[in-house]
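Sending over a structure as structure tokens; questions will come in a sec.
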Amino acid sequence: TDISKKIVGLEVMQSIMSAIHEDDRILYLYEKKIITCILRCLNDSESKIRLTAIKTVFEITKLLGQHSLRSFNLIF
């Protein structure tokens, strides 16, 4: 279903961030694009998608540590 695809997409974005977070150059290129896509899901009408988006933002912020400050204004 469409809901399942969106949830899997959010999980994939988290995995991508996990894979690239150690390379600052690549992280800088894609961080805001990925986070923007995740934040768009917060406006979805389906609560499961919104919840997964919140969890994904939390996990990415935890993963990035101090690097997440670059996206602070975007997230909040």
Nearest heavy-atom contact between A53 and L42 is CB-CD2, 3.7 Å
Among all residues two or more places apart in sequence or in another chain, which pass the side chain to side chain contact (heavy atoms under 4.5 Å, CB included) test with I3?
T1, I7, E46, I49
Under the side chain to side chain contact (heavy atoms under 4.5 Å, CB included) rule, collect the residues that match up with N43, sequence neighbours excluded.
none
Atom CD1 of I16 and atom CD1 of I60: how far apart are they, to the nearest 0.5 Å?
9.5 Å
Could you list the residues that satisfy salt bridge (charged side-chain N to carboxylate O under 4.0 Å, His left out) with E11, not counting sequence neighbours?
none
Residues in side chain to side chain donor-acceptor pair (under 3.5 Å) contact with S47, at least two apart in sequence or another chain:
none
T56 (side chain) donor-acceptor with T52 (main chain) under 3.5 angstrom
yes
Decide whether V8 and F58 are clustered together by the hydrophobic rule: side chain heavy atoms of Ile, Leu, Val, Met, Phe, Trp, Tyr closer than 4.5 Å, transitively.
no
From Y30 atom OH to I20 atom CD1, the distance as rounded to the nearest 0.5 Å:
8.0 Å
Atom pair CD1 (I38) and CE (M13), whose distance is rounded to the nearest 0.5 Å
6.0 Å
For D2, give me all partners under salt bridge (charged side-chain N to carboxylate O under 4.0 Å, His left out), at least two apart in sequence or on another chain.
K6
Please report the interatomic distance CG(L39) to CD1(I34), rounded to the nearest 0.5 Å.
12.0 Å
Just by distance, do the side chain of R50 and the backbone of C41 share a donor-acceptor pair under 3.5 Å?
no
Starting at CD of E31, measure out to CG of D24 and round the result to the nearest 0.5 Å.
9.5 Å
Can you list everything that forms a salt bridge (charged side-chain N to carboxylate O under 4.0 Å, His left out) with K62? Sequence neighbours excluded, please.
E59
CG/L51 to CG/D44 distance, rounded to the nearest 0.5 angstrom?
12.0 Å
